[in-house]
Undergrad: 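Can you read through this structure? Questions will come right after.
Letters A, B, ... are given to chains in the order of the sequence lines, protein chains preceding strands, and every chain is numbered from 1.
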Amino acid sequence: MAFPHRPDAPELPDFSMLKRLARDQLIYLLEQLPGKKDLFIEPDLMSPLDRIANVSILKQHEVDKLYKVENKLVLSSNEQLCFLVRPRIKNMYYIANLVKADKLAGRTRKYKVIFSPQKFYACEMVLEEEGIYGDVSCDEWAFSLLPLDVDLLSMELPEFFRDYFLEGDQRWINTVTQALHLLSTLYGPFPNSYGIGRCAKMSYELWRKLEEEEESETKSRRPEIGHIFLLDRDMDFVTALCSQVVYEGLVDDTFRIKCGSVDFGPEVTSSEKSLKVLLNADDKVFSEIRNEHFSNVFGFLSQKARNLQSQYDRRRGMDIKQMKNFVSQELKGLKQEHRLLSLRRCQLGMRGEVTVPPADAAKGLYFPRRDPWLLVGGGLLWSQMGKSTSTFCLKIFFLWTIKRHPSRTSNVSSLFVILADIGACESIMKKKTKQDFQELIKTEHALLEGFNIRESTSYIEEHIDRQVSPIESLRLMCLLSITENGLIPKDYRSLKTQYLQSYGPEHLLTFSNLRRAGLLTEQAPGDTLTAMESKVSKLVTDKAAGKITDAFSSLAKRSNFRAISKKLNLIPRVDGEYDLKVPRDMAYVFSGAYVPLSCRIIEQVLERRSWQGLEEVVRLLNCSEYSFAGMWCGGCGWGCHLVLVCQCGAEATDPTDMTKEDRASSESLRLILVVFLGGCTFSEISALRFLGREKGYRFIFLTTAVTNSARLMEAMSEVKT
Amino acid sequence: MDCYTANWNPLGDSAFYRKYELYSMDWDLKEELRDCLVAAAPYGGPIALLRNPWRKEKAASVRPMLEIYSASGVPLVSLLWKSGPVVSMGWSAEEELLCVQEDGAVLVYGLHGDFRRHFSMGNEVLQNRVLDARIFHTELGSGVAILTGAHRFTLSANVGDLKLRRMPEVPGLQSAPSCWTTLFQERVAHILLAVGPDLYLLDHATCSVVTPPGLPPGVTSFLQMAVSFTYRHLALFTDTGYIWMGTASFTDKLCEFNCNIRAPPKQMVWCTRPRSKERAVVVAWERRLMVVGNAPESIQFVLDEDSYLVPELDGVRIFSRNTHEFLHEVPVTSEEIFKIASMAPGALLLEAQKEYEKESQKADEYLREIQELGQLTQAVQQCIEAAGHEHRPDMQKSLLRAASFGKCFLDRFPPDSFVRMCQDLRVLNAIRDYHIGIPLTYSQYKQLTIQVLLDRLVLRRLYPLAIQICEYLRLPEVQGISRILAHWACYKVQQKDVSDEDVARAINQKLGDTPGVSYSDIAARAYGCGRTELAIKLLEYEPRSGEQVPLLLKMKRSKLALSKAIESGDTDLVFTVLLHLKNELNRGDFFMTLRNQPMALSLYRQFCKHQELETLKDLYNQDDNHQELGSFHLRASYAAEERIEGRVAALQIAADAFYKAKNEFAAKATEDQMRLLRLQRRLEDELGGQFLDLSLHDTVTTLIVGGHNKRAEQLSRDFRIPDKRLWWLKLTALADLEDWEELEKFSKSKKSPIGYLPFVEICMKQHNKYEAKKYASRVGPEQKVKALLLVGDVAQAADVAIEHRSEAELSLVLSHCTGASDGATADKIQRARTQAQKK
């Protein structure tokens with residue numbers, strides 16, 4: 001089911017070093033404030049921090065109490081306060097208020113602000129304006145790379161997307177640069193670099209400058225990672241806007257994976273408490289199904305369950321003693337495979353007799369109510385296995401099926417019987433199943449392929465009229481706009497009007513944002529805008545004026561999706577049914593209907609080892625100036641990094657014709673770091689993992705944040721506060 | 001070689017002293033040395049001369065000349081002294097010339113006569129004038145001690161960090177002390193002075209009388225005193241011609257000597273070397289030089305001309321009008337090798353090598369002799385070490401040759417000491433050259449370190465030599481060549497007669513992008529010299545924008561700084577410049593500047609959004625950006641305004657702005673919102689409940705749920721809500737109310753624009769199968785199957801599907817066939833399927 005990697009696939013570098021590095025630095029910073037202190041943490045930093053250092057580590061370094069940085073003031077009695085925050089203005093006001101309140105009360109305490117990943121001048125200025133700059137000490141915690149998984153590094157900066165692509169604020173580029181620099185110091189230089197997009201180019205150039213300045217020893221080191229690919233999110237909005245149907249993406253769309261883990265609310269766990277589950281390669285079952293199309297997942301799981309059932313059936317007719325024996329011997333073996341799955345199946349076998357007490361389900365513990373044997377077995381098993389997560393993959397899947405796909409429930413009715421117990425299903429169904437998922441996917445595919453536009457438009461309209469979901473509607477509108485190179489004026493007006501009527505007038509601002517980001521635009525009558533643009537660029541040729549055209553460009557930017565799609569063959573021609581079980585290409589992540597544009601670009605460039613032959617695509621992406629490919633010259637020892645010929649005059653060595661000594665490094669050449677500036681989706685990750693398996697590459701992902709369509713839309717939305 | 005030891009003079013039994021010439025001075029002295037104030041820096045440093053006109057009775061009408069020479073007598077600078085009378089001069093550790101004036105002001109000059117700064121020794125000194133002054137060196141730096149006209153002492157132990165100390169008064173001191181000096185013990189500077197037969201030691205707080213142990217009686221006055229280079233020893237010269245030598249702490253007497261000369265000596269200095277047991281003092285009179293130590297006899301030299309002594313770490317330099325000599329104790333290794341009839345291994349090795357060159361078999365004999373004693377290693381080491389102490393290159397060579405010869409017969413002799421000595425000697429010979437004129441000995445060089453030596457070469461502007469030394473010694477670039485080049489460049493920018501372009505080009509050519517060179521530092525220096533244009537040119541070469549920008553700001557090139565900051569991509573930098581600009585320019589100009597820099601503009605907007613909303617508005621106004629202005633007021637209408645009137649007013653402004661921006665859609669939408677707001681307000685007043693801030697859709701829904709159907713209809717007419725939406729809206733609202741009667745009435749009011757499937761769906765959702773069935777019959781043919789399946793009528797659905805002959809519908813129905821009851825239906829479908837396939 002899960003495809004093994006080719007035997008010659010390179011090993012992934014060990015990224016846990018990054019965690020250790022971040023932890024040590026944090027500890028160092030905490031030690032800078034000796035003695036007991038209270039720690040105020042920004043909510044956004046809590047999950048990342050959790051992955052780095054747990055509470056006991058903090059306690060070891062004399063952190064007394066932990067508080068959330070919220071709007072309300074906290075009464076802390078400690079003499080030393082430490083704030084761990086993102087460099088945001090509102091946090092500065094929070095701290096300023098706290099300090100000023102202390103001053104009024106005549107208290108003097110020590111305050112320390114730790115900015116992560118870096119501090120901004122604007123923040124210091126706020127502190128200064130508030131008159132407390134002298135009272136606090138500032139520090140930076142350069143924690144910008146969190147390894148979420150063996151091959152996924154996240155900067156956990158969701159605001160990057162809005163800040164850069166909407167507000168034109170470049171301040172995070174520096175952070176990206178620093179992160180890349182850290183990677184190259186730890187894992188050696190990257191011999192080949194490619195990229196596309198303004199932000200990518202800028203980051204790349206700044207990063208190179210930094211490398212040259214630092215004159216680090218990296219140049220002499222053997223590279224561990226052969227390629228780096230930088231990609232702007234605005235190169236490919238389409239992929240990010242599609243509904244995800246790969247298992248991990250689906251979980252993200254439905255429950256929102258946050259920092260590599262999912263928080264199941266009470267409606268899922270059916271208990272008072274919510275439950276946090278870590279999703280990564282350590283979970284064997286999850287890692288087998290994460291990259292699968294959801295339609296396979298069920299088959300896979302039921303197969304697993306059947307296998308276990310047959311083993312379990314031997315239990316029948318045993319007495320308690322035998323049962324105990326069975327549990328301790330047999331189930332122990334099963335545990336090696338899929339411990340929780342077996343338990344799950346036990347319950348299936350006892351259908352009608354066993355129910356799952358929700359509260360225990362939350363702990364990963366299932367006590368059959370009426371079967372004492374199972375109780376014994378379950379208890380034993382549980383005591384042996386501690387905490388595991390696979391069950392929840394199953395559970396999520398069931399819940400999701402019920403929610404999105406009621407027609408399938410008849411097939412899984414046997415499972416449903418048990419799960420129906422959980423009140424959550426009903427509540428989710430009631431709340432959210434206003435429209436059929438199948439229809440939605442159908443519309444999306446129609447949009448991608450560019451047929452039945454009218455029907456799709458009215459579908460979207462109905463979606464809005466019925467107030468299905470503001471974010472979903474917005475997403476569909478954007479998808480329509482991008483695939484069609486903008487909406488025709490009549491639709492543009494009517495859809496917007498409908499939307500405003502449904503969700504309130506403040507979304508006028510949302511539309512203005514979307515327009516600025518090029519996500520939702522109006523088809524220009526004729527080509528006036530382009531004409532004007534070319535006039536402007538003819539008039540002014542110098543660099544400064546180039547920047548003015550840049551400012552225009554987002555307004556005038558045409559997505560050209562249809563043409564790109566044709567050029568890159570993004571819509572695979574399907575003869576007959578697309579076999580999702582044995583995918584042929586990356587299109588499987590969208591049920592065979594569409595190859596993600598971003599992944600296709602990466603595939604093509606890696607194949608050609610340059611942008612040669614892709615000039616037309618680059619032009620269509622409006623990126624003629626912003627695509628680049630560079631090669632590291634190891635020859636001259638200076639590590640000069642030029643596009644064509646290295647400074648020392650030596651021809652840059654073509655990595656393909658390597659001498660035998662370089663075989664070891666040829667392995668590194670199949671390790672590829674893909675940097676998504678503005679976020680990437682789990683679908684893209686799955687697609688590239690697939691590509692890697694096919695071609696013997698290993699991909700490593702560095703993203704500013706893991707994103708999905710809803711997050712993108714929310715970033716663009718103006719909501720009343 | 002016979003006469004090699006000819007200039008060796010024995011002192012007692014154990015030590016030899018030798019004096020050799022460093023340079024023959026061909027400086028063109030106009031004055032006699034005795035008429036001048038003389039200051040010579042230690043470690044082969046420069047010599048400063050100032051003809052002292054103030055010493056004479058009559059006031060000088062001519063201004064004196066201050067002249068600075070290298071140790072070899074090469075003139076470095078000569079300048080007219082324009083300030084007041086100078087009492088004393090001295091060199092600091094950084095080779096800056098400190099001139100102490102009579103009024104207590106200390107003027108600091110560079111090696112090339114460039115005035116650096118001046119400082120005062122305090123009011124008390126100013127009032128009482130300076131009687132005498134000393135410049136002294138300690139581990140803290142260079143200090144100045146002053147004896148004022150009131151016979152009080154003031155000192156500062158470090159002129160770099162000037163802290164004046166007024167020393168306590170010496171009781172009963174009526175006239176100037178016969179002699180005095182500074183001592184340095186336990187990191188504190190003291191003053192030792194002699195008044196008649198008494199010695200006083202002054203520290204910060206106290207004045208104590210000290211007595212040197214073993215001083216013979218009958219001393220009525222001390223004429224001269226000398227402290228050793230390391231402040232460890234002290235020598236006293238009494239009026240009886242007796243010289244006492246002991247530790248500076250007055251705990252021990254080392255030796256004594258009676259020279260029977262009662263005339264006060266001109267100078268007395270210590271002449272020892274580190275770690276030598278021998279202690280000796282050199283005393284100079286007008287025509288006589290005497291080396292005295294722990295021996296009954298002294299060594300005497302005749303001085304042909306007026307001479308001046310400079311104490312060094314390992315000896316004494318003596319310069320006069322014609323010569324510059326070095327007097328020191330012969331180092332132990334040299335003594336062992338060269339002493340007549342020495343049998344030391346080094347001596348034998350040297351001899352062996354000489355014989356070897358003569359192709360004599362004696363070489364073998366000598367070598368065997370050393371090897372038999374197993375002293376070859378020691379011999380080689382001795383030769384290497386002795387080479388270091390030789391001044392003449394030919395002697396160095398022959399010793400090194402001997403060492404190299406001996407090395408051949410050794411198995412494992414680590415080569416580095418030999419190599420290092422060769423390198424060091426090469427450097428030393430280079431700097432001892434007449435043109436360079438730094439006569440350092442090997443011990444001094446080691447004490448000084450190569451870094452300091454390079455600094456001194458840089459100070460003398462001997463950049464090429466310094467660079468060559470760096471290259472030769474393979475020093476790391478950042479400490480070596482880069483640093484020197486940077487200094488060179490800083491010097492270069494001060495050449496005012498060269499044009500900006502030429503200087504910039506010359507500097508860039510030399511420096512290129514040598515690592516560790518900071519162009520911004522050089523530019524800062526250029527700016528310091530008032531060459532702003534040059535500074536800007538130089539900054540062009542600076543790769544780090546972070547370094548460029550602050551200097552550009554300082555030079556008031558804010559706009560250039562802004563574009564540089566933007567190029568850097570560092571937003572913090574941009575921000576710094578922005579706020580700087582904001583204060584510097586008036587608002588209009590500031591906004592205009594921003595306008596040309598979209599990146600800066602967006603950054604500033606971000607800032608304003610958080611902090612200065614009003615400025616944001618002005619910014620949009622200035623740009624005639626009506627679209628953004630509209631958005632701004634629109635946001636204000638729900639974020640900033642509380643009262644309904646205010647909100648409507650804000651919306652009105654927004655609408656106007658949208659019109660100006662030719663965005664009619666937004667304008668209309670805003671106007672609609674105004675209307676809606678007013679209406680919602682009225683609804684709240686009339687009906688109660690919560691209406692404000694609901695969307696239009698929700699407003700209508702609320703009305704329907706509240707049973708105000710008339711109002712709802714009115715509203716939907718007013719706002720031209722499309723039929724489809726209205727139907728969806730009503731359907732949902734009525735189903736929520738479970739008002740089935742009204743729903744049915746509604747469904748029959750006219751033909752549904754959304755079809756009847758939604759009716760079925762919504763009824764099923766409320767678990768009302770009965771009602772659902774009513775509508776299922778009205779669903780159009782395309783959706784009939786779906787509707788029937790929804791209400792659970794599988795059989796009928798199958799019939800319809802068969803009738804439609806639609807494969808998709810058939811499989812849909814089939815998938816709903818569960819349980820036994822549907823078995824028949826399933827069969828029926830299968831039959832229909834096979835039939836269809838047959839056809």
Side-chain angles (χ1 to χ4, degrees), chain A residues 88-90 118-122 125-126 129 163 167-174 177 202-203 205-206 209 212-213 215 407-408 410-411 413 430 433-434 458 461-462 464-467 492-494 496-498 500-506 508-509 511-513 544 547-548 550-551 718 720-721, chain B residues 513 515-516 543-544 563 566 568-576 579 596-599 601-603 605-607 609-611 627-628 630-631 634-635 637-639 651 665-666 668-670 672-673 676 693-698 719 721-722 724-725 727-729 732 754 758 765 812 815-816 818:
Chain A
R88 292 178 184 142
I89 304 255
K90 76 172 191 335
Q118 64 181 111
K119 85 181 157 202
F120 287 131
Y121 181 61
M125 220 192 55
V126 172
E129 275 178 0
D163 280 350
E167 313 276 7
D169 185 338
Q170 303 177 344
R171 58 189 176 159
W172 295 115
I173 291 184
N174 218 344
T177 314
M202 192 159 179
S203 315
E205 279 169 2
L206 286 176
K209 216 189 257 178
E212 275 156 33
E213 243 171 61
E215 281 292 325
S407 62
R408 284 197 78 111
S410 58
N411 290 344
S413 59
K430 235 189 236 167
T433 324
K434 283 190 181 172
S458 35
E461 210 163 48
E462 189 186 308
I464 298 169
D465 283 350
R466 294 173 60 188
Q467 290 186 314
Y492 186 58
R493 292 176 73 92
S494 82
K496 281 204 301 187
T497 314
Q498 296 305 320
L500 293 180
Q501 286 190 357
S502 269
Y503 300 116
E506 66 274 11
L508 206 52
L509 298 173
F511 288 125
S512 138
N513 290 345
K547 283 191 180 121
I548 303 179
D550 284 350
E718 296 280 338
K720 283 183 199 175
T721 41
Chain B
D513 35 7
R544 291 163 299 172
S563 45
I566 289 169
S568 79
D570 182 348
T571 42
D572 271 7
L573 212 51
V574 180
F575 214 82
T576 320
L579 293 181
N596 297 326
Q597 300 283 9
M599 192 238 150
L601 181 61
S602 61
L603 193 70
R605 270 190 202 143
Q606 284 281 76
F607 166 74
K609 251 180 215 172
H610 287 290
Q611 265 148 310
Q627 174 66 36
E628 286 298 329
S631 299
L634 187 61
R635 189 175 291 111
S637 81
Y638 62 80
L651 285 172
F665 174 82
K668 285 260 156 56
T670 313
D672 279 351
Q673 173 60 11
L676 184 64
D693 282 330
L694 291 182
S695 72
L696 181 60
H697 187 110
D698 294 339
F719 286 89
I721 294 180
K724 276 189 184 175
R725 171 188 294 280
W727 276 72
W728 277 114
L729 190 158
T732 323
I754 54 170
K765 205 169 280 174
L812 184 66
S815 69
H816 277 76
T818 48

Undergrad: Looking at B/Pro758, B/Pro722, B/Ala669, which one has more heavy-atom pairs under 4.5 Å with chain A than the rest?
TA: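 It is B/Pro722.
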Undergrad: Of all the heavy-atom pairs spanning A/Thr177 and A/Leu206, show the shortest one and how long it is.
TA: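 Distance-wise, the nearest heavy atoms are CG2-C, 3.6 Å.
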Undergrad: Pick from B/Leu729, B/Leu634, B/Val574: which one has the most heavy-atom pairs with chain A under 4.5 Å?
TA: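 Most pairs with chain A among the choices: B/Leu634.
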Undergrad: A/Tyr121 vs B/Leu573, test: side-chain contact (heavy atoms from CB on, under 4.5 Å). Steps then yes/no.
TA: CA-CA 8 Å; A/Tyr121 181 61; B/Leu573 212 51; over 6 Å; no
Undergrad: Of all heavy-atom pairs between B/Ile721 and B/Arg725, which one has the smallest distance, and what is that distance?
TA: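 Heavy-atom minimum between the residues: CG2-CD, 3.4 Å.
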Undergrad: Should the heavy atoms of other residues, nucleotides or ligands under 6.0 Å from NZ of A/Lys119 be counted, would the total exceed 12?
TA: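 Enclosed.
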Undergrad: Of the listed residues (B/Thr670, B/Leu696, B/Asp698), which shares the most heavy-atom pairs with chain A below a 4.5 Å separation?
TA: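 Winner by heavy-atom pair count: B/Leu696.
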Undergrad: Is it the side chain or the backbone of A/Thr497 that comes within 4.5 Å of chain B heavy atoms, both, or neither?
TA: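 Looking at A/Thr497, backbone and side chain both touch chain B.
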Undergrad: Between B/Ser695 and A/Ser502 (side chain of the first, backbone of the second, donor and acceptor by atom type, cut-off under 3.5 Å), is there such a pair?
TA: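 Here the side-chain-to-backbone pair exists.
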Undergrad: Would you kindly say whether A/Gln501 and B/Asp672 are connected by a side-chain donor-acceptor distance under 3.5 Å?
TA: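 No.
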Undergrad: So which heavy atom on A/Gln170 is nearest to which on B/Thr571, and how close?
TA: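 A/Gln170 and B/Thr571 have their closest heavy atoms at C-CG2, 3.7 Å.
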Undergrad: Given that the side chain runs from C-beta out, which part of A/Phe120 has a heavy atom under 4.5 Å from chain B: side chain, backbone, both or neither?
TA: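 Both parts, backbone and side chain.
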Undergrad: Give the member of A/Glu461, A/Glu167, A/Lys209, A/Arg171 that has the highest number of heavy-atom pairs under 4.5 Å with chain B.
TA: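 The candidate making the most pairs under 4.5 Å is A/Glu167.
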Undergrad: Would you mind telling me which of B/Gln627, B/Arg605, B/Glu628 has the largest number of heavy-atom pairs within less than 4.5 Å of chain A?
TA: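 It is B/Glu628.
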Undergrad: Chain B heavy atoms under 4.5 Å from A/Gln498: which part of the residue, side chain, backbone, both or neither?
TA: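 Both backbone and side chain.
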Undergrad: Does any heavy atom of chain A fall under 4.5 Å from the side chain of B/Arg635, the backbone, both, or neither of them?
TA: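 Contact with chain A: backbone and side chain both.
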Undergrad: Side chain, backbone, both or neither: which part of A/Ile173 has a heavy atom under 4.5 Å from chain B?
TA: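 For A/Ile173, no heavy atom lies under 4.5 Å from chain B.
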Undergrad: Please look at B/Phe575 and chain A and tell me whether the side chain, the backbone, both or neither of the residue comes under 4.5 angstrom of a heavy atom of that chain.
TA: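 Looking at B/Phe575, backbone and side chain both touch chain A.
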Undergrad: Quick check: closest heavy atoms across A/Tyr503 and A/Ile464, and the distance to 0.1 Å?
TA: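 Taking every non-hydrogen atom into account, OH-O, 4.3 Å.
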